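Atom set for the values below is all heavy atoms of this structure, side chains included, hydrogens, waters and symmetry mates excluded. Predicted, not measured: the structure shown is a model, and the values here were computed from it. Below, chain A is the first sequence line, B the second, and so on; all start at residue 1.
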Protein chains: 2
Amino acid sequence: MTETATAPAAATIADGTTGSKSEQAYQAIKARIVEGTYTPGYRLVLAAIAKDLGFSVVPVREAIRRLEAENLVKFERNVGATVAGIDPTEYLYTMQTLSIVEGAATALSAPLVGEADIARARAVNAEMRECLKHFDPVRFTRLNQDFHSVLFEHCPNPHILDLVHRGWNRLASLRSSTFRFVPGRAHESVDEHEALLKLIETGADADTIEKAARLHRSATLDAYLSQTNPQDNTP
Amino acid sequence: MTETATAPAAATIADGTTGSKSEQAYQAIKARIVEGTYTPGYRLVLAAIAKDLGFSVVPVREAIRRLEAENLVKFERNVGATVAGIDPTEYLYTMQTLSIVEGAATALSAPLVGEADIARARAVNAEMRECLKHFDPVRFTRLNQDFHSVLFEHCPNPHILDLVHRGWNRLASLRSSTFRFVPGRAHESVDEHEALLKLIETGADADTIEKAARLHRSATLDAYLSQTNPQDNTP
DNA sequence: CCAGTATGTTTCGTATACGATTTCGTACCT
DNA sequence: AGGTACGAAATCGTATACGAAACATACTGG
C-alpha cells in the first residue's frame with residue numbers, strides 16, 4: 001500500500017528478473033530518496049553511487065535523468081544532481097497540483113471502490129484517529145497516504161494515476177508532511193476522511209466527490225500557509 | 001506561441017550556447033517528433049540518430065530517456081525506442097487528463113489574463129472561424145493550440161503549466177487532432193471559445209471557468225468517441 | 001592585510017569498445 | 001510444402017577512458 005510505483009508501465013517489473021542495471025539504479029535511488037536515506041539537498045555523486053551499487057556510471061546517469069524528469073532530483077549542468085528538497089514555494093505548487101489531480105483521480109475511482117475498500121480505508125482512518133493521542137507525524141503521514149491510496153488507486157486513467165503518484169513521491173521527501181507543523185490539522189483531516197468515505201459509499205456524484213477530495217487537500221495546504229505566513233520566498 | 005517548451009527551467013536555453021549535447025539531442029529529437037518528421041511508430045535507432053546529429057550514442061540515449069519519461073517515445077528493453085503513436089485508448093487517457101489539468105490551468109490563469117490577451121485570443125478565434133470555410137485540419141489545430149495557450153499560459157503554478165504542455169505535446173503527434181475525424185466539432189469549438197472568453201472577460205469565478213474549459217475539451221473527446229464507437233482495444 | 005590570479009582536485013560529459021540480446025533470413029528436416 | 005532450428009546481422013546495454021568544466025585552495029602582488 002505504501003508502495004508507490006511511478007515507473008511507466010513498460011518498466012514495471014515484479015518478478016525476480018530485476019531488469020536492466022539502469023532500471024535497478026533507478027529503483028534503488030528512488031527508494032533511498034523516498035525512504036529518506038538520501039535527504040533533500042543530498043549530493044548525488046555519480047561515481048560514488050555507481051561504486052556503491054556495483055556498476056558503472058552510465059546506468060546511474062540514466063537513472064538520474066529519469067528521476068530528474070520526475071522532479072525528484074535537481075540537476076545542474078557540469079555540477080551534478082542533488083535530491084530535490086521542497087522549499088515552501090515548491091510545496092505550495094506541489095500541493096496545489098496534487099489537490100487537482102488527486103481530486104480528479106478520487107472522483108474517477110469512486111465508482112470502482114468496493115465495500116472491502118471502504119472498510120479498509122475506514123480501518124486505516126481509525127488507526128489515524130488512534131494515532132492522534134501519542135501524536136507521531138511520520139506514522140500519521142504514512143497512514144494518511146495509505147488511506148488516500150485506497151480511494152484513488154482504482155482510477156481507470158493511468159496517466160492521472162501516475163500524476164498522483166508523482167505528487168505523493170515528491171511530498172515523501174519531507175517525512176512528516178504538514179502535520180508536524182500544523183498538528184491541529186490532523187484532527188480535522190480525520191473527520192474529513194470519514195465524510196469523504198460517506199460520500200463515496202452513498203454514491204455521490206463525481207463532481208461532489210472531486211470537490212470534497214480537492215478541498216480536503218487544499219485545506220491542508222491552507223493550514224500550512226496560514227501557519228508560516230511570514231515566509232515568502234518567490235523563486 | 002506555437003512554441004511549447006516542456007524542458008524544466010534549468011534546461012531552458014535561449015542564447016546561442018545550446019547547452020550539452022544531451023540537451024541538444026533532446027531538443028532536436030523532440031522537435032522532429034512534434035513537427036512530424038518522425039511520425040508515430042517511427043523507429044528511433046540510437047546509432048542512426050547519433051550519426052545524423054554528429055555525436056555519439058550516449059547523449060542520444062539520455063535524450064531518449066527523457067522523452068520516454070514525457071511519454072513521447074515508447075521504450076522497450078533490448079529492442080529500442082519508437083515514437084509513441086497514440087492509439088484510441090491513449091488518446092482518451094490523454095485528452096481526459098488534459099481536460100482536467102488544462103481546466104485548472106485556465107481557471108488559475110484567468111485573473112491574470114489582460115485585455116491584450118483577450119484581444120489576441122479573439123483574433124485567433126476569428127482566424128479559426130475563417131478557417132472553417134476552406135477547412136484545413138492541421139492549420140485549425142495549430143490555431144486551436146494558439147488560442148488556448150493565450151488562456152492558460154499565465155497560470156502561476158509552473159507544475160500545472162508543465163503538465164498542460166506535456167499533454168499538448170503528446171497530442172501534437174497526431175497532426176490534426178480530432179477535427180479531421182469530426183469536422184462538425186470545429187464549429188461548436190469556435191463558439192465555445194467565444195463563450196469562454198466572455199466568462200474570463202466578465203471575471204467569472206474560478207470554478208465556472210474551470211468547468212467551462214474542462215467541458216470544452218471533454219466535448220471534443222466525446223465527439224471523437226461517438227464517432228469511432230466500434231473500436232475498442234483496451235490495452 | 002586584502003584582492004586577484006594561478007593551480008590542483010573533484011566531478012561531470014562524451015567517445016569508443018565490446019559483450020549481450022533480439023530479430024530476421026535461410027536451410028534443413030518431416 | 002510447411003514448420004522448426006540454426007546462424008548472421010542489427011541493435012542495444014554497459015564498462016572503461018579521457019577531456020572539460022567547476023569548485024576549493026594557495027600563492028603572489030599591491
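Backbone-only contact: V45(B) has heavy atoms under 4.0 Å from sugar-phosphate atoms and none from a base. At the heavy-atom level, L44(B) lies under 4.0 Å from the strands shown only through sugar-phosphate atoms. Residue V79(B) is classed as a sugar-phosphate contact, given heavy-atom separations below 4.0 Å to backbone atoms only.
Of all nucleotides listed (dT14(D), dT23(C), dA15(C)), dA15(C) comes nearest to the side chain of S56(B). Side-chain proximity of R61(A) to dG13(C), dA15(D), dG13(D): nearest is dG13(C). Each of dA15(D), dC12(D), dC23(D) was ranked by its minimum atom distance to the side chain of K21(A); first place goes to dA15(D).
Protein atom CZ of R65(B) is 18 Å distant from nucleotide atom C1' of dT14(C), rounded to whole Å. Rounding to whole angstrom units, CG of residue L46(B) and C1' of dA10(D) are separated by 12 Å. Between the CZ atom of R77(A) and the P atom of dT11(C) there is a distance of 18 Å, rounded to whole Å.
A cation-pi arrangement, defined by a distance under 6.0 Å to the six-membered ring centre and an angle within 45 degrees of its axis, is absent between R185(B) and F179(B).
Counting heavy atoms from C-beta on, the side chains of H148(A) and R217(A) come closer than 4.5 Å. Counting heavy atoms from C-beta on, the side chains of E153(B) and L161(B) come closer than 4.5 Å.
Heavy-atom distances to DNA chain D give each of N78(A) and F55(A) a nearest nucleotide, and the one nearer the 5′ end belongs to F55(A).
The side chain to side chain donor-acceptor pair (under 3.5 Å) test applied to S109(A) returns no partner, not counting sequence neighbours.
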